[in-house]
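Reckoned from all heavy atoms, side chains included, excluding hydrogens, waters and symmetry mates.
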Amino acid sequence: QVQLVESGGGLVQPGGSLRLSCAVSGSIFSIYAMGWYRRAPGKQRELVAVVTSGGSTNYADSVKGRFTISRDNAKNTVYLQMNNLKPEDTAVYYCNVNYYGLTQSDWGQGTQVTVSS
């Protein structure tokens, strides 16, 4: 059974940094892309960043220049380095994985990121 284990969330002051990790295990299909979504209080879930198996990346406009997504294909792990955090980054962050040839995807349970003074 597929398992996504997230870590790295927490409380940080504005301008600070956090590094999120998501390790995927148990998948029987080849992974095409791994990414991060977030849901802020009272808002819809939005895509934050995604990285493909080939290394291409895309970011939400609101995080460009501040966040960096990367992956370790050997470990099936995706990371999100978040720098210069702002209060509006406060949200539950969810790891997501997509596979070659499938429309279904797998999700982590979410990790809370709170940016506050």
Query raised in the report: Is V24 close to V2 at the side-chain level, that is, under 4.5 Å between some pair of heavy atoms?
Result: yes
Query raised in the report: Would a distance-only check, ignoring hydrogens and angles, find a side-chain to backbone donor-acceptor pair under 3.5 Å from T90 to V115?
Result: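 A pair under 3.5 Å: yes.
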Distance in Å, [X] [atom1] paired with [Y] [atom2], rounded so as to fall on 0.5 Å steps:
X: L20; Y: Y94; atom1: CG; atom2: OH; result: 13.0 Å
X: C22; Y: I69; atom1: SG; atom2: CD1; result: 9.5 Å
X: L47; Y: N58; atom1: CG; atom2: CG; result: 8.0 Å

Report task. Kindly indicate, with the supporting measurements, whether the criterion side-chain hydrogen bond (donor to acceptor under 3.5 Å, both in side chains) is fulfilled by T77 and D72. Result -> CA-CA 5 Å; T77 300; D72 185 333; over 6 Å; no
Requested in this report: Could you tell me which non-hydrogen atom of R66 sits nearest to which non-hydrogen atom of L85, and how far apart they are?
Outcome: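 That closest heavy-atom pairing would be NH1-CA, 3.9 Å.
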Give a yes or no on whether [X] and [Y] share a hydrophobic cluster (residues Ile, Leu, Val, Met, Phe, Trp, Tyr; joining criterion: side-chain heavy atoms under 4.5 Å apart).
X: V97; Y: L80; result: yes
X: V50; Y: L102; result: no
X: Y59; Y: M82; result: yes

Query raised in the report: Do D106 and Y99 meet the criterion of a side-chain donor-acceptor pair at a distance under 3.5 Å?
Result: yes
Query raised in the report: Judged by modelled atom types alone, do T114 and Q112 share a side-chain donor-acceptor pair under 3.5 Å?
Result: yes
Side-chain donor-acceptor distances from residues 4-19 under 3.5 Å, at least two apart:
unit_1: E6; atom_1: OE1; unit_2: G110; atom_2: N; d: 2.6
unit_1: E6; atom_1: OE2; unit_2: C95; atom_2: N; d: 2.4
unit_1: S17; atom_1: OG; unit_2: N83; atom_2: OD1; d: 2.9

For residues 27-41, run the donor-acceptor check on the side chains, cut-off 3.5 Å, and write out each pair with its distance to 0.1 Å, sequence neighbours left out.
unit_1: R38; atom_1: NE; unit_2: E46; atom_2: OE2; d: 2.8
unit_1: R38; atom_1: NH1; unit_2: D89; atom_2: OD1; d: 3.0
unit_1: R38; atom_1: NH1; unit_2: Y93; atom_2: OH; d: 2.9
unit_1: R38; atom_1: NH2; unit_2: E46; atom_2: OE2; d: 3.2
unit_1: R38; atom_1: NH2; unit_2: S62; atom_2: OG; d: 3.3

